[in-house]
Amino acid sequence: MIIRNLDQIRKSDRNVRSNGWASARMLLKDDGMGFSFHVTTMFAGSELKMHYQNHLEAVFVLKGTGTIEDLDSGEIHRLEPGVMYALDKHDRHIVRPETDILTACAFNPPVTGKEVHDASGAYPAEADMASEPAREAAPAE
């Protein structure tokens, strides 16, 4: 059984911050669950362009409001508490938080905790990662 406390994770190296977001990585690949689980805050006023080419992600909005734009279809969807979105086709997207948005996220395959977004907005495949954990990351373009 794994028991973790969010406040403790936020004070550890499992808490990764970058421009526009902070992610408390509650479960990682080395926990052996087959997915990773994160509590992520996307900050108001950010424009977060992402494209997870190597991972599938499901995101559940707990607090806050904003929009997500599907860059392939142009569709814009409202984000608010109770809404879930799943990037089941490695969807290119932009999240635009109007307020801070608190989310619970699951990644498959699980992340190791070292990943940060690259210039395309993706997390690299595990084989492409550096050996040291990242503390800060450059924003996605």
Side-chain angles (χ1 to χ4, degrees), residues 1-73 75-141:
M1 182 179 298
I2 300 169
I3 306 293
R4 299 225 165 92
N5 178 287
L6 179 58
D7 289 335
Q8 291 174 347
I9 293 291
R10 285 183 170 153
K11 295 174 187 171
S12 77
D13 64 355
R14 285 177 169 252
N15 196 59
V16 177
R17 292 184 64 94
S18 188
N19 294 335
W21 57 270
S23 182
R25 277 105 189 248
M26 305 294 290
L27 290 172
L28 292 169
K29 181 180 181 180
D30 63 4
D31 291 313
M33 295 290 296
F35 63 92
S36 58
F37 181 77
H38 314 192
V39 176
T40 299
T41 302
M42 295 177 280
F43 301 119
S46 302
E47 184 168 282
L48 305 169
K49 184 176 181 181
M50 296 173 273
H51 181 201
Y52 296 116
Q53 300 166 43
N54 303 303
H55 297 85
L56 299 175
E57 181 189 26
V59 178
F60 184 71
V61 178
L62 299 165
K63 286 183 180 179
T65 60
T67 60
I68 184 170
E69 179 179 355
D70 179 327
L71 292 175
D72 292 322
S73 72
E75 289 181 89
I76 297 175
H77 303 276
R78 188 90 185 127
L79 298 177
E80 58 189 25
V83 171
M84 187 273 310
Y85 63 89
L87 304 168
D88 62 331
K89 295 178 182 71
H90 305 285
D91 311 86
R92 294 180 321 114
H93 63 288
I94 298 175
V95 176
R96 295 183 180 96
E98 299 162 352
T99 66
D100 286 358
I101 299 176
L102 179 66
T103 64
C105 314
F107 278 84
N108 183 15
V111 301
T112 66
K114 299 172 187 168
E115 297 86 351
V116 291
H117 298 107
D118 65 16
S120 73
Y123 284 155
E126 184 176 354
D128 298 336
M129 290 185 309
S131 61
E132 294 299 316
R135 301 290 184 253
E136 293 287 328
E141 294 178 3

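Shown are Val95, Asp100, Thr99, Leu102; of these, the side chain to side chain contact (heavy atoms under 4.5 Å, CB included) with Met42 is made only by Val95.
The shortest heavy-atom contact between Phe60 and Gly82 is CE1-O, 3.5 Å. Across all their heavy atoms, Val111 and Ser36 have their closest contact at N-OG, 3.1 Å. In terms of heavy atoms, Lys63 sits closest to Pro81 at CA-CG, 4.0 Å.
Arg14 places no side-chain N or O within 3.5 Å of a backbone atom of Ile9 that could act as its donor or acceptor partner. Proximity of a side-chain donor or acceptor of Asp31 to a complementary backbone N or O of Leu28 within less than 3.5 Å is detected. Remark: side-chain polar atoms of Ser46 are not paired, donor with acceptor, to backbone N or O of Leu48 under 3.5 angstrom. In terms of modelled atom types and a separation under 3.5 Å, the side chain of Thr41 and the main chain of Ala22 share no donor-acceptor contact. Judged by distance alone, the side chain of His90 and the main-chain N or O of Tyr52 form a donor-acceptor pair under 3.5 Å. His93 places a side-chain N or O within donor-acceptor distance of the main-chain N or O of Met50, the cut-off being under 3.5 Å. Formation of a donor-acceptor pair under 3.5 Å by the His51 side chain with backbone atoms of Asp91 is not found in this model.
Annotation: the span from Thr67 atom OG1 to Ile76 atom CD1 amounts to 6.0 Å, rounded to 0.5 Å. One finds the CD1 atom of Ile68 at 10.0 Å from the CZ atom of Arg96 (value rounded to the nearest 0.5 Å). Between the CE atom of Met26 and the SG atom of Cys105 there is a distance of 12.0 Å, given to the nearest 0.5 Å. In this structure, Leu87 CG and Phe107 CZ are separated by 8.0 Å, a value rounded to the nearest 0.5 Å. Here CG of Asp88 is found 12.5 Å from CG of Asn108. Values are rounded to the nearest 0.5 Å. Interatomic distance, CG of Leu6 versus CZ of Arg10, reported as 4.0 Å (0.5 Å rounding).
Side chains of Lys49 and Leu71 form a contact here, defined as non-hydrogen atoms less than 4.5 Å apart. Side-chain contact between Leu27 and Arg4 is present, with at least one heavy-atom pair separated by less than 4.5 Å. Using a 4.5 Å cut-off on side-chain heavy atoms (C-beta onward), Val39 and Phe37 make contact. When side chains are defined from C-beta on, Phe43 counts as touching Arg17, because their heavy atoms get closer than 4.5 Å. Side-chain contact check for Glu47 versus Ile94: some heavy-atom pair is nearer than 4.5 Å.
The side chain to side chain contact (heavy atoms under 4.5 Å, CB included) search around Glu80 returns Thr65, Arg78, Val83, not counting sequence neighbours. Under the salt bridge (charged side-chain N to carboxylate O under 4.0 Å, His left out) criterion, Glu57 pairs with no residue at all, not counting sequence neighbours.
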